[in-house]
Structures are given as structure tokens and as C-alpha cells.
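Before any comments, here is the structure.
Throughout, protein chains are lettered first and strands after them, A, B, ... in sequence-line order, and every chain is numbered starting at 1.
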Amino acid sequence: MTSLRLHNTMSGQTETFTPLVAGQVRMYTCGPTVHDYAHIGNFRSFLFEDLLRRVLIQNEYQVTQVMNLTDVEDRIIKKAADKEITIDEFTEPYIEAFFEDLDTLRIERAEHYPRATRHIFEMVSLIEVLNEKGHTYVSDGSTYFRIATFPRYGRLAHLDVSGLKAGARVDVDDYGKDDPRDFVLWKARKPGEQSWDTPLGAGRPGWHIECSAMSMKYLGESFDIHTGGVDNIFPHHENEIAQSEAATGKTFARYWLHAQFLQDAVGAKMSKRLKNFSTLREVLAEGYQPRAIRYALMTGAHYRSPLAFSPELLKAADSAVKRLDEFAVRLGPIPSPPVGVGQGGGGDVQQRWDDALCDDLNLPAAVGHLFEFIKTFNTRLESGKATADERAGAMAMLRHANRILDVITFPQAVDAEVERMITERQAARDRRDFARADQIRQQLLAMGIQLDDTKDGTRWKRIR
RNA sequence: GGCGAGUUAGCCAAGUGGUAAGGCAGAGGUCUGCAAAACCUCCACCGCGGGUUCGAAUCCCGCACUCGCCUCCA
């Protein structure tokens, strides 16, 4: 089997992936901040993480994936306070909606979905370790991480930290600190804010500490893969590394993978601030199928390239997915027992498919190989040369690809009622009673069944 | 200003030294009682200018333009 190669932001190189423990992968995938519905751009990242997970599993790794739910943060606190409800009351509907959206897009569930508010103790403990090791200071009741005590700071983002002092956006934080580069670990309680009473004082955790505390709890002090959107590289992931490695003295995450943004139709980053985003629900309301959205976001571009989200992209995805469906229909009934991929009609397409995915998850290239195969095989089907074994091999390949894509609708087993109506229609056609034949065709269409008359007889498929 | 990514057909996109995968759209054709669908075929001098090389979309230099990050945004 080809070895899996992944692009590591830390080195800037595509590296051969070797897990810490053979056969097992522990990974932490940055999840949503549940202050609102996740937008379609957020889901590009989650679909990238789903792709990674599925490819790892396909490569026979046992995967332990953790996805955090950030349920305490400035926006959440403000919004909850405005509504005069608790943080939990405020975030609950968005958490529920998030899981519904995951299901809609067929994103596989992670093993753990820890919530920040349920891990205050772990965060406080970690901060206490940092206190003991002299990496922190207190100002106005808040605890800060002192960057000057961590020389490697900036390695992930490849930033020259001395330049940050002159940065254009210093001091946007609501809280004061000694040095603009420092970041807050524990925020002192402010009037009217929900807070936790801890040895660090009354307050709440900073943004970054949750990911360090929760990843270490579920994955250990050192684990294999950490992912997120490119905007997480700095400061979020940089800060996670600083506080984690300062506390443990060990390498935090070994491979850092980052998904590029989804852009709006004119090429700007999709963000809440610009209001140029859509939620998944809004896109569905426009009539697009979930699988077309999934396909568009996964195959529209390699995960490290920007992708512009547009109606054209979705329409193209919808047509492409239907072409895959159609191929499955054309293969017809597959004799049992099915043969393996590669036997018969599969050829070496599976190898090319797998190789592309092992090359830093190059799904767009893999899909190209798949369609190339489909075109070639269609010619064989058309000429009637394809054997039953070849058709079974092609079907096996389609199912193999769908373990990653998860968008294909395979033809269902024989439907007796549909078969009976088709037979009746054929009889009508044979006696040239086309009025009756067309009537039956209309009935089936109303049932969501579309008929295709071919020289080999009538095929049918569900169109909804 | 610093750092990073990018510029391939009407649109999306793969391709990192040997003369351009694939999808969508479009045109033509096949099939067909009609229709719809489907299938096939066709469709690119790879941002601009130099250079290296027998050979470059692919390497080097310069230029132009786009996008992102530079403290709480996937």
C-alpha cells in the first residue's frame, strides 16, 4: 500500500505520515464556536476533517478523533447576557443544530466532542502548571502567558515575533496585558458575566487553553494530528503549542494540517463580519441537495486551495453526482457473490484513486481518475463487451470511491410494483398503444421513477 | 511593511522537467413510437518578460494581479 503523505504546516513540507503508535491515529480537529449556526465556510473545514478521517480509516488506522465545541467565548457571553439566559441555555440550540448539520452533510462522528464549559477543572490545572513553571503573570485578576518565556513562539506560523509588536491590530482585546504579544489564559470576571470560582480567581478561560487541556485529556500530551482552518494557525494554534509545550516539555501535535477558506462568489473570505456567508440551512432552502453541497465542498478544489462558493459550483456538483448515480444504474444488477475491486472492470483505477488520496488527500485528482474510468467503461457497456465480472468490478470500484465521497445513490433492489408497471407498459408499447404506455410512464414519474428506454430494454431510476 | 498561498479552456479544477486528467456548460452525433434521459466525439499555445535545459505549465530571476494571516475569524 502506498504510504500516506500529508502537508505539515509546521515544516511547510508534505511529509510521510507515521503515527506515534503503529496502526493508531490520535487527532484533534478544531470544531465550531457555538455562538450561532455554523456557516457553509465552516463546513468546508469540517468536511476536510471528514475526508482526512475517512482516508485514515481506509488506510487501516484505528482513529481516535476529538472535536471541541467552544461554548464559552466573548460573543457567547455577550449574547447570552443580552438575552438574560445562561451560557448553556444559549448554546444548546446551536449545538443541536451543529450535529444535525453534520448528519445532513454525512460527516462521520468523532469519538469525542468535549465542551469547554465541562473542562474548566482541566484548564485550571494546566494553567497552574504554567504558573509553577514561571510562564505566567497576573494583571488585574487575569492570568497571561508570557511569550518571552517560550523562545520557539512563532514557529508554526513562521512569524518573526519581534515584528508583532508593531502589528497593526494590537490591543483589540478587551483585557490589558504587559506585552501585546502575550495572550490571556484566564480572564477575570467582569460585572454581569457568568464566571467560575477557581484557585485562579473568579473568571473564565481564555480561548486557547481549552484546546490544550481537552486534547491532552483525551489524546495524551503528545498526539499525531491537529487540524483547523488556516485562520487558526495564528494565533490560536501557535498559542496552543506555547502553552502546551511549556507545560509538558513535549511535542504537542506532530502534524498540523490546515484547510483553506471557502470564499464568496467574488473571491473574498467568507466570514460573519463581512456578512457574505450562507448557513447550510439557507443553501438547502435554495433547493440544493445535501450531497451536491458535500461534493462541491470536497472536490471543488484541493483542501489547501481557496474555493469560491457559487451557484455554478453547486450546479456542476449536482450534475457530476448524478453522473455517478447513472453509472451505477447502467452497471445493472450485479451477480453475487461480487468480485473484488480490480478484478474484471476495475482495472488499476483503484490504485490511482488510492494513490491520489495518499498524496495529501488529493480528492480532486482521485475523482478525475474515477470519471476517466467511467468514460472508458461506458464505452464497453455501450458496445455490450463488458462481462458480468467486469461490471461487478466496476461496481466494487464505485463503492470503494463512495466510502470517501459518500454521495452516490445506488440503485435499489428490485421493486416488484415498478417492475410490474414496466412490464405492462412494454406490453402496451408492443401493441403500439402509446397512449397507455405514456400514461404508465407518467404514473411512474409521479412516483419519482424515471424510465429510460434503451436498446437493451427499459431501465429505471429514482430521481427523488 | 512582514509572512504565506495563488494566477491552467466560458466556469471549476488536476498536473512540480518529456510536448496538458477530470467535472460543468456549449457544439455535433448515436439511441428512440414520441419524449426524457443516457452515452460517445469535439473544444487550452498553462498571467507577462527574461533565463537554465536536448526538452518547462512544471526549475531560476524580474514584473503584474488576486487572496489570506499579522491576537479570539473554520
Side-chain angles (χ1 to χ4, degrees), chain A residues 9 12 29-33 38-49 70 73-75 154 157-164 166-174 177 180-184 206-208 227-236 238-239 258-263 267-274 295-296 299-302 304-308 310 312-313 315-323 326-327 329-330 352 356 362-375 378-379 381-382 429 432-434 437-438 441 445 450-455 459 461 463:
Chain A
T9 304
T29 50
C30 267
T33 301
H39 63 68
I40 201 76
N42 300 132
F43 283 109
R44 183 182 187 200
S45 288
F46 304 139
L47 280 164
F48 147 68
E49 288 156 0
T70 299
E73 172 257 5
D74 284 357
R75 290 167 298 187
H158 306 108
L159 280 177
D160 177 1
V161 289
S162 62
L164 290 182
R169 290 174 62 190
V170 257
D171 207 20
V172 302
D173 202 286
D174 289 348
K177 48 194 168 186
R181 301 174 302 164
D182 295 337
F183 60 93
V184 68
W207 177 33
H208 317 294
T227 74
V230 286
D231 53 350
N232 284 149
I233 296 172
F234 192 90
H236 185 48
E238 196 67 58
N239 291 351
H258 293 98
Q260 255 296 350
F261 290 127
L262 190 65
Q263 304 176 329
K269 171 184 173 182
M270 199 175 266
S271 71
K272 298 268 174 176
R273 197 161 48 82
L274 294 173
Y295 184 91
T299 71
H302 184 260
R304 283 192 291 116
S305 295
L307 176 65
S310 65
E312 291 71 31
L313 178 74
K315 284 171 191 155
D318 187 60
S319 298
V321 168
K322 283 179 177 152
R323 185 162 157 85
E326 188 64 28
F327 184 61
V329 171
R330 283 177 64 87
R352 281 178 296 173
N362 195 341
L363 187 58
V367 166
H369 295 137
L370 178 63
F371 276 106
E372 193 176 19
F373 165 71
I374 288 174
K375 184 189 283 190
N378 268 330
T379 304
L381 285 170
E382 202 69 16
R429 291 178 78 204
R432 303 194 70 77
D433 180 0
F434 296 123
D438 289 350
R441 183 165 67 194
L445 197 58
Q450 180 176 287
L451 299 186
D452 305 329
D453 294 327
T454 76
K455 61 177 181 290
R459 288 200 308 257
K461 64 186 172 192
I463 53 174

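Look at the P atom in both G62(B) and G1(B): the space between them is 15 Å, to the nearest Å. Taking the P atoms as reference points, A37(B) lies 47 Å from C73(B), given to the whole Å. Comparing the C1' positions of U16(B) and A56(B) gives a spacing of 10 Å, expressed to the nearest Å. Annotation: G23(B) and G15(B) have their C1' atoms spaced 15 Å apart (nearest Å). Look at the P atom in both A57(B) and A64(B): the space between them is 24 Å, to the nearest Å. Rounded to a whole angstrom, the distance from the P atom of C24(B) to that of G17(B) is 29 Å. On the C1' atoms, U52(B) is 27 Å away from A14(B), given to the nearest whole Å. U41(B) and C59(B): their P atoms are spaced 32 Å apart (whole Å).
OP1 or OP2 of G15(B) has at least one side-chain nitrogen or oxygen of Asn362(A) nearer than 4.0 Å. Between Asn239(A) and C72(B), a side-chain N or O to OP1/OP2 separation shorter than 4.0 Å is absent. Between Ser319(A) and the phosphate of A25(B), there is a side-chain N or O to OP1/OP2 separation shorter than 4.0 Å. Applying the 4.0 Å criterion to OP1 and OP2 of G23(B), one finds that Arg323(A) has a side-chain N or O inside that range.
Two residues are said to be in side-chain contact when any heavy atoms from C-beta on lie closer than 4.5 Å; Pro306(A) and Gln260(A) meet this criterion. Counting heavy atoms from C-beta on, the side chains of Arg44(A) and Gln263(A) never come closer than 4.5 Å.
In the interface, the side chain of Asp453(A) is not paired with the base of G33(B) through any donor and acceptor atom under 3.5 Å apart. Taking 3.5 Å as the limit, the base of C73(B) and the side chain of Lys269(A) contain a donor-acceptor pair of atoms between them. Side-chain to base pairing of Arg441(A) with A35(B): one donor and one acceptor N or O lie within less than 3.5 Å of each other.
Of the candidate nucleotides A21(B), A37(B), C34(B), A37(B) has the atom lying nearest to any side-chain atom of Lys461(A). Picking from C72(B), C39(B), U41(B) the nucleotide with the shortest atom distance to the side chain of Lys375(A) gives U41(B). Closest to the Asp231(A) side chain, of the nucleotides C69(B), A37(B), G23(B), is C69(B). Minimum atom distance to the side chain of Leu313(A) is reached by C12(B), of the listed C12(B), G33(B), C39(B). For His302(A), the listed nucleotide lying nearest its side chain is A14(B); candidates were A14(B), C72(B), C70(B). The side chain of Arg429(A) lies closest to C34(B) when the candidates are G68(B), C39(B), C34(B).
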Steps toward salt bridge (Lys or Arg N to Asp or Glu O under 4.0 Å) verdict (Lys315(A), Asp318(A))
CA-CA 5 Å; Lys315(A) 284 171 191 155; Asp318(A) 187 60; over 6 Å; no
Verify salt bridge (Lys or Arg N to Asp or Glu O under 4.0 Å) between Glu326(A) and Arg459(A), making sure each step is shown before the conclusion.
CA-CA 11 Å; Glu326(A) 188 64 28; Arg459(A) 288 200 308 257; 3.3 Å; yes
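With 3.5 Å as the limit, one finds no donor-acceptor pair spanning the side chains of Thr33(A) and Glu73(A).
Between His236(A) and Trp207(A), the ring-plane angle classifies as parallel under the 30° and 60° cut-offs.
When heavy atoms are screened at a 4.0 angstrom cut-off, Ala320(A) is found touching the sugar-phosphate backbone but no base atom. At the heavy-atom level, Gly229(A) lies under 4.0 Å from the strands shown only through sugar-phosphate atoms.
In this structure, the CD1 atom of Ile374(A) is 9 Å from the P atom of C39(B), given to the nearest Å. To the nearest angstrom, C1' of U71(B) lies 9 Å from CH2 of Trp207(A). Regarding Gln263(A), its CD atom lies at a distance of 9 Å from the P atom of A13(B), rounded to whole Å. One interatomic measurement links the two molecules: CZ of Phe183(A) to C1' of U71(B), which rounds to 10 Å at whole-angstrom precision.
Between Thr379(A) and Pro306(A), the one whose closest nucleotide on RNA chain B sits nearer the 5' end is Pro306(A). For the pair Ala268(A) and Phe327(A), nearest-nucleotide mapping onto RNA chain B gives the more 5' position to Phe327(A).
Residues Pro32(A) and Phe46(A) approach most closely at N-CZ, 3.7 Å, considering heavy atoms.
Ring stacking holds between Phe434(A) and G33(B), with the centres under 5.5 Å apart and the planes within 30 degrees of each other.
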